[in-house]
Enquirer: 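One structure is given below, represented as structure tokens, and several questions about it will come after.
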Amino acid sequence: MINADKIRQQFPILFQEVNDEPLVYLDNAATTQKPKAVLDKLTYYYEHDNANVHRGVHTLAERATKEYEEAREKVRAFINAKETAETLFTRGTTTSLNWVAKSYGDLAVKAGDEIVISYMEHHSNIIPWQQLAERKGATLKYIEITADGFLDMESAKKQITDKTKIVSIAHVSNVLGVINPIAELAKLAHSHGAVLVVDGAQAVPHMPVDVQAIDADFYAFSGHKMCGPTGIGVLYGKRELLDQMEPVEFGGEMIDFVNLHDSTWKELPWKFEAGTPNIAGAIAIGAAIDFLTEIGLKEIHQHEAELVAYVLPKLLAIEGLTVYGPQDPAHHTGVLAFNLDGLHPHDTATALDMEGVAVRAGHHCAQPLLKYLDVPATARASFYLYNTKADADRLIEAILATKEFFQHGSI
Ligand SMILES: Cc1ncc(COP(=O)(O)O)c(CN[C@@H](CS)C(=O)O)c1O
């Protein structure tokens, strides 16, 4: 059981007013806020240790390199990778997925092969595969979604065949909030000789993830969704796959020898880390991992489940409000997409903002999903570890006020 009111004290940004109302930040699926511990770590690094990594023998360079690689070990332990060489620092989930599609995809996919994703994917886990399929003359196939918002595993068994080379699925949907059966999908993909790529952007911040237990071949996530800064993320990959893969970017640091007409690469993980990395971002994601680990990922998941169990029935009780995704809180993470009848979600979100409540509105970079749901756009509230039942009550009150305003013209 976490004490969200106590935890909130570490997030100065949450104590501000928006439109003369106390801020209620419910857009955590877009990006999360940063605790003092992470902000202080960033400041300390730049005030005391800033230097380039793996390139200098002077004291600051040694210190910066040590902190950078210690952060990598924290990432390894956080997702239970076998070794640090399997955890690559990237710009974020989008970059991580693009690297897999480019480097592993170009290696493993040929004309006539199949790539399988699902209708609930984020654009970052759709377009790289569209590009790969087009580049290689492969076929991109989609796993259906059940009427109650779950990944349709019968459809998965039909779509994943011996022609499948790559299956790439979100661990958690950024719209439906549903948790997908990743370990089961890994077994299914492996039974057909395919690899499983996991888009973990909405999972790693919210629940324990053990990449060895689920047997993911690749796993991608972003620092800014887990109390870390923007511009830093992680690509996990099994060593036996990463060792076969060519780097996607080329330049300093990632080389052994540069000859006039060819070059050789450094060993993992540095083979994939060309140029000066986001050193401060990596060190800060390490601080974010310390922060989350101290609270406990199971406890965070439980807290969000309690908030969803508290707010979902209240949302469903509002006449004219539709919630997309499973209606059972047990299968829901803190992401709740909803619409009010007759209102464009942008109007809903703007009205909620007038009440100090921050939610997202639009297609959430999941246009194929919204088309599949036959809805052009939704509003979306997404909870995190620092949200409380009082925040949930403010959301409900703001929605009712919005309804009132658009029906009778006064809030
Ligand atoms: C499931 C999923 N997969 C990939 C991404 C991309 O993460 P980046 O850190 O931007 O690279 C996101 C980020 N979704 C944000 C911004 S569109 C949202 O509001 O839902 C995601 O939710």
Side-chain angles (χ1 to χ4, degrees), residues 25-34 75 88-102 117-131 142-143 145 149 151 167-180 182 185 196-207 209 216 218-236 248 278 281-282 284-285 288 304 324-325 332-338 345-346 349 352-353 358-370 372-373 377-384:
Y25 183 78
L26 297 177
D27 194 18
N28 295 289
T31 196
T32 59
Q33 301 304 345
K34 322 307 170 189
V75 170
L88 315 179
F89 284 122
T90 68
R91 197 168 50 85
T93 306
T94 301
T95 300
S96 299
L97 294 169
N98 274 274
W99 283 13
V100 179
K102 180 72 182 72
I117 59 176
S118 87
Y119 281 104
M120 68 168 79
E121 302 310 318
H122 182 280
H123 292 164
S124 296
N125 198 32
I126 295 175
I127 303 167
W129 307 115
Q130 287 175 343
Q131 295 291 310
Y142 287 77
I143 297 172
I145 302 168
L151 195 71
V167 179
S168 192
I169 301 288
H171 198 157
V172 172
S173 163
N174 68 317
V175 177
L176 303 175
V178 69
I179 302 168
N180 290 322
I182 291 300
L185 283 163
L196 176 72
V197 184
V198 182
D199 171 352
Q202 298 294 349
V204 165
H206 301 276
M207 62 187 67
V209 169
F218 297 99
Y219 200 102
F221 58 97
S222 300
H224 71 97
K225 296 193 192 292
M226 49 182 281
C227 295
T230 50
I232 189 75
V234 174
L235 170 61
Y236 159 79
V248 176
N278 182 352
I285 202 174
E304 291 180 13
Y324 303 93
H332 231 296
T333 63
V335 178
L336 292 163
F338 64 93
H346 282 140
L352 295 182
D353 185 61
V359 299
R360 182 170 177 177
H363 54 63
H364 316 296
C365 302
Q367 287 174 319
L369 171 60
L370 294 190
Y372 189 90
L373 298 173
T378 81
R380 183 193 68 187
S382 45
F383 292 80
Y384 202 26

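Counting begins at 1 with the first residue of the sequence. Each ligand, and each atom within it, is numbered from 1 in the order the structure gives.
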Enquirer: Would you say Ala170 contacts ligand 1, with heavy atoms under 4.0 Å as the rule?
Expert: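 Flag not set, Ala170 not near ligand 1.
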Enquirer: Check for a donor-acceptor pair, side chain of Asn125 on one end and backbone N or O of Ile117 on the other, with a separation under 3.5 Å.
Expert: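 No, because the side chain of Asn125 does not come within donor-acceptor range (under 3.5 Å) of the backbone of Ile117.
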Enquirer: Can you tell which of His364, His123, Arg360 gets a heavy atom nearest to atom 17 (S) of ligand 1?
Expert: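 Among His364, His123, Arg360, the closest heavy atom to atom 17 (S) of ligand 1 comes from Arg360.
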Enquirer: What about the rings of His123 and His363, do their centers lie closer together than 6.0 Å?
Expert: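 Between His363 and His123, which both carry aromatic rings, the centre distance is below 6.0 Å.
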Enquirer: For Thr94, is at least one N or O under 3.5 Å away from an N or O on ligand 1?
Expert: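 Yes, at least one N or O pair falls under 3.5 Å.
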Enquirer: Ile126 versus Pro368: any side-chain heavy-atom pair under 4.5 Å?
Expert: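 Answer yes - side chains close enough.
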Enquirer: Atom 21 (C) of ligand 1: which protein heavy atom is closest, and how many Å away?
Expert: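 Checked against all protein heavy atoms, atom 21 (C) of ligand 1 sits closest to His122 CD2, 3.4 Å.
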Enquirer: For ligand 1, which atoms sit closer than 4.0 Å to a heavy atom of Ser222?
Expert: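 Counting from 1, the qualifying ligand atoms are 7 (O), 8 (P), 9 (O), 11 (O).
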Enquirer: Classify the side-chain pair Thr94/Ser124 by whether it contains a donor and acceptor separated by less than 3.5 Å.
Expert: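 Judged by distance alone, the side chains do pair up.
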Enquirer: Show the atoms of ligand 1 that are less than 4.0 angstrom away from any heavy atom in Asn174.
Expert: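 The atoms of ligand 1 under 4.0 Å from a heavy atom of Asn174 are 18 (C), 20 (O), 22 (O).
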Enquirer: Under 4.0 Å from any heavy atom of Ala30, which atoms of ligand 1 are there?
Expert: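 Contacts of ligand 1 toward Ala30, numbered from 1: 15 (C), 18 (C), 19 (O).
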Enquirer: Looking at Tyr219 versus Tyr236, is the centre-to-centre ring distance below 6.0 Å?
Expert: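 Tyr219 vs Tyr236: aromatic centres not under 6.0 Å.
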Enquirer: Starting from atom 2 (C) of ligand 1, find the nearest protein heavy-atom neighbour and note its residue, name and distance.
Expert: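 Of every protein heavy atom, Asp199 OD2, 3.4 Å lies nearest to atom 2 (C) of ligand 1.
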Enquirer: Is the backbone N or O of Met120 less than 3.5 Å from a side-chain atom of Ser118, with the two atoms forming a donor-acceptor pair by type?
Expert: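 The answer is yes, because a donor-acceptor pair under 3.5 Å joins these two groups.
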Enquirer: Does ligand 1 have any atom sitting under 4.0 Å from a heavy atom of Arg91?
Expert: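 No, Arg91 has no heavy atoms under 4.0 Å from ligand 1.
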Enquirer: Report yes if some heavy atom in the side chain of Val359 is under 4.5 Å from a heavy atom in the side chain of Arg380; otherwise report no.
Expert: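 Not touching, per the 4.5 Å side-chain cut-off.
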Enquirer: In terms of atom number and element, which parts of ligand 1 are under 4.0 angstrom from non-hydrogen atoms of Cys365?
Expert: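 Within the 4.0 Å cut-off of Cys365, ligand 1 contributes 17 (S).
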Enquirer: Would you please determine whether Asn125 falls within less than 4.0 Å of ligand 1 on a heavy-atom basis?
Expert: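 Distance cut 4.0 Å: Asn125 fails for ligand 1.
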Enquirer: Assess the pair Phe221 and His171: is the distance between their ring centroids shorter than 6.0 Å?
Expert: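 No, they do not, as the ring centres are separated by 6.0 Å or more.
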Enquirer: Looking at His224, which atoms of ligand 1 are within less than 4.0 Å of one of its heavy atoms?
Expert: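 Selected atoms, number and element: 8 (P), 9 (O).
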Enquirer: Would you tell me which option among Glu121, Gln202, His363, Lys225 has the nearest heavy-atom contact to atom 22 (O) of ligand 1?
Expert: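 Of the listed residues, Gln202 has the closest heavy atom.
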Enquirer: For Asp353 and Ala358, indicate whether the former's side chain and the latter's backbone hold a donor-acceptor pair under 3.5 Å.
Expert: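 Flag not set: sc Asp353 to bb Ala358 has no pair under 3.5 Å.
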